[in-house]
Amino acid sequence: MTESLLLTSWWVPFYGLAGAVLTLPWATVGVRSGGPRPAAYFNMLMTVLALVHGLTLLPAVWGRLPLQLEYTWLETQGMRLALELEVSPVTIGAVVVITFLSLCAQIYALGYMEKDWALARFFALLGFFEGAICGLAMSNNLLLSYALLEMLTLSTYLLVGFWYAQPLVVTAARDAFLTKRVGDLLLLMGVVVLANLAPSLNFQDLALWAETANLSPLSATLLGLALIAGPIGKCAQIPLHFWLDEAMEGPNPASIMRNSLVVACGAYVLIKMQPVLALSPWVLGALLVVGTATAIGASCVALAQIDIKRALSHSTSAYLGLVFVAVGLEQNEVALLLLLTHAVAKALLFMSVGAVILITSTQDVTEMGGLWSRLPATTTAFLVGGAASVSLLPLGTFWASIYASERLWPWAPWAIGVLLLVNGLTALNLTRVYCRVFLGPRQAKTRRAPEIAWPMSVPMLSLSIINILSPVILHELGLLTSVEGPVPAWVFGGSLVASSLAGCLVGWWITHEKLPTAWVHASFVQTWRVAHDFLAYDLYIEQFYRQTIVVWVAGASSLMAKFDRHLVDGVVNMIGVATIAGGEGLKRSAPGQAQAYLLTILLGVIVVCAYQLTTMLR
């Protein structure tokens with residue numbers, strides 16, 4: 001019975017795709033009776049089935065060796081393409097988290113987008129989104145994973161550009177798509193090269209091949225850099241990071257899934273490829289550099305944002321930077337645990353800020369204030385999500401950070417300093433946002449702010465309970481095993497709590513206290529403004545791209561256009577004009593009499609024969 005149940009696990013990714021297909025009639029002009037809500041119900045039903053199926057599979061697979069499922073769908077001329085899936089506690093657990101968060105986001109979307117007549121199209125895209133993410137979680141083949149990552153890129157483009165009548169939304173969707181294409185193109189190059197070097201693209205086969213692979217240092221480094229380029233773009237890591245904050249122009253229910261699940265997919269593929277990446281120390285070093293730079297840089301950038309969603313999206317990039325550091329240090333268990341705790345906490349945060357945006361019709365934190373008494377449920381959800389995002393007792397991230405500290409300390413003590421710094425900066429940023437939005441005097445847009453309806457409050461309450469119970473859940477699943485080391489666990493725990501409290505105190509202080517003008521030197525004010533602009537404009541990376549790469553590409557394109565217009569088109573036009581002129585000349589010189597044509601042919605034959613005789617006589 002158990003084996004038969006496990007063999008049905010491949011159904012799970014197709015529930016979301018089936019929901020998208022069932023939703024399509026309401027996404028067109030063909031079905032208008034009853035409004036678009038039936039489409040949402042069909043999609044939610046499929047998600048519930050996927051969640052129930054995943055929960056049924058989890059006890060069956062727990063404690064067992066991974067099961068490999070393989071379905072060949074094309075085999076010809078030595079080429080074989082198959083649907084390869086892995087059924088293990090990690091993959092099924094990931095599927096349960098994905099379907100649960102997707103169900104919460106869909107229920108939330110019923111309230112958030114209640115009056116949007118494109119609701120059916122939105123839910124169809126969410127079903128497509130969910131199916132691709134579930135398939136990626138279970139994928140056991142690099143080529144299949146690449147194809148699913150491309151599906152996610154397409155879904156991101158369509159969801160970010162959902163309100164396509166707004167110019168800023170169109171620009172954000174385009175930038176998100178093109179930025180990801182840079183990493184995806186390099187990843188495809190790596191996949192093609194790896195397909196020619198390794199016996200197969202199955203992740204287990206790649207791990208075995210990597211143990212005995214005989215590659216030159218240069219080849220291993222170039223291959224590894226190509227393979228990590230895709231995850232760098234998907235996880236919004238420097239220098240391909242600015243698409244994520246621009247993607248916040250899309251609907252907030254999609255932002256919930258994007259910041260909790262989609263960005264984690266790139267890191268998940270990175271973890272699967274880790275044995276191949278370990279062939280080159282330079283590649284692991286690149287992961288450490290990119291992860292550290294993003295973790296610290298994005299945490300600082302978030303402090304200068306006044307858009308509430310962008311402030312949280314930069315903290316997502318920062319947290320994924322810590323995951324990159326863990327993978328670079330070959331600590332895959334740490335990376336997976338960080339992804340799990342981050343997904344649940346960040347989903348709750350985006351639900352709470354989405355409620356604020358819906359009520360106030362603004363994303364600018366400077367236009368908010370005094371909402372804690374008007375939105376008590378939303379305020380509580382933000383507090384729980386914020387506490388779960390930093391290392392505060394007794395929530396899950398605190399225990400996950402201790403777990404990470406114990407395992408990273410023997411390999412790289414400096415990584416603990418990065419973790420503490422990012423944790424403190426994140427606490428500072430969340431406290432700053434909380435004080436701006438929920439405390440202080442009410443603004444014009446917050447004086448009349450009713451509490452949200454039940455479709456939005458139910459998923460927020462559910463995720464709040466999950467975040468509060470996360471330590472118990474992690475302990476019951478056996479994911480928080482202690483390690484005996486030279487540094488006791490309480491030292492790490494105390495340091496993490498101290499960094500969180502320090503960040504909270506500084507965040508509260510900078511939003512409530514102002515230094516007297518006489519105490520502040522003019523040079524300090526100027527320096528602070530320069531630093532603030534540097535962070536507010538995302539380290540000027542986008543401007544750097546526009547002044548370098550974009551200018552070069554635009555100049556090269558203009559040069560090629562001139563070459564095509566003046567040289568290529570000129571030659572073609574000249575040939576055309578000569579042909580027309582010759583035709584006109586022949587038309588006017590032809591008398592239209594048969595004897596004239598015969599005489600011309602005869603003269604031509606005589607000339608050819610004379611030429612041949614002359615050649616023979618020589």
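Start at 1 with the first residue, then count along the sequence. Side chains are part of it too, since the values below use all heavy atoms of this structure and drop only hydrogens, waters and symmetry mates.
Met257 contributes atom CE, which lies 6.0 Å from atom CG of Leu126 (distance to the nearest 0.5 angstrom). Here the SG atom belonging to Cys265 is positioned 12.5 Å from the CG atom belonging to Leu270, to the nearest 0.5 angstrom. To the nearest 0.5 Å, the span separating OG on Ser102 from CZ on Phe129 amounts to 9.5 Å.
A salt bridge is absent between Lys180 and Glu150: the closest approach of a Lys/Arg side-chain nitrogen to an acidic carboxylate oxygen does not fall below 4.0 angstrom. Under 4.0 Å is where a charged nitrogen must lie from a carboxylate oxygen, and between Glu86 and Lys272 at least one such pair does.
Applying the side-chain contact (heavy atoms from CB on, under 4.5 Å) criterion to Thr380, with sequence neighbours excluded, gives Val384.
A donor-acceptor contact closer than 3.5 angstrom links the side chains of Ser391 and Ser401. If you check the side chains of Ser145 and Ser139, you find a donor sitting under 3.5 Å from an acceptor. For the residue pair Ser88/Thr91, the side-chain donor-acceptor check at 3.5 Å is satisfied. Side chain to side chain, Asp184 and Thr153 meet the donor-acceptor criterion of an N or O pair below 3.5 Å.
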Checklist entry - Under the side-chain contact (heavy atoms from CB on, under 4.5 Å) criterion, do Phe128 and Asn43 qualify, and how do the steps go? => result CA-CA 10 Å; Phe128 191 71; Asn43 211 74; over 6 Å; no
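Within a 6.0 Å sphere centred on OH of Tyr146, heavy atoms belonging to other residues, nucleotides or ligands number more than 12.
Seen from the ring of Phe123, Arg121 does not count as a face-on cation partner, given the 6.0 Å and 45° thresholds.
Minimum heavy-atom separation, Gly250 to Trp163: C-CZ3, 4.1 Å. When every heavy atom of Leu395 is checked against every heavy atom of Asn467, the shortest pair comes out as CD2-O, 3.5 Å. Annotation for Leu144 and Glu84: closest pair CD2-O, 3.7 Å, computed over non-hydrogen atoms.
Residues Val97 and Phe100 have side chains not in contact (no heavy-atom distance under 4.5 Å, counting atoms from C-beta outward).
Aromatic ring pairs are classed by plane angle as parallel below 30°, tilted from 30° to 60° and perpendicular above 60°; the pair Trp11 and His53 is perpendicular. Aromatic ring orientation, Tyr108 versus Tyr112: parallel (interplanar angle below 30°, classes split at 30° and 60°).
Under the 3.5 Å distance criterion, the side-chain polar atoms of Gln237 are matched with a main-chain donor or acceptor of Cys235.
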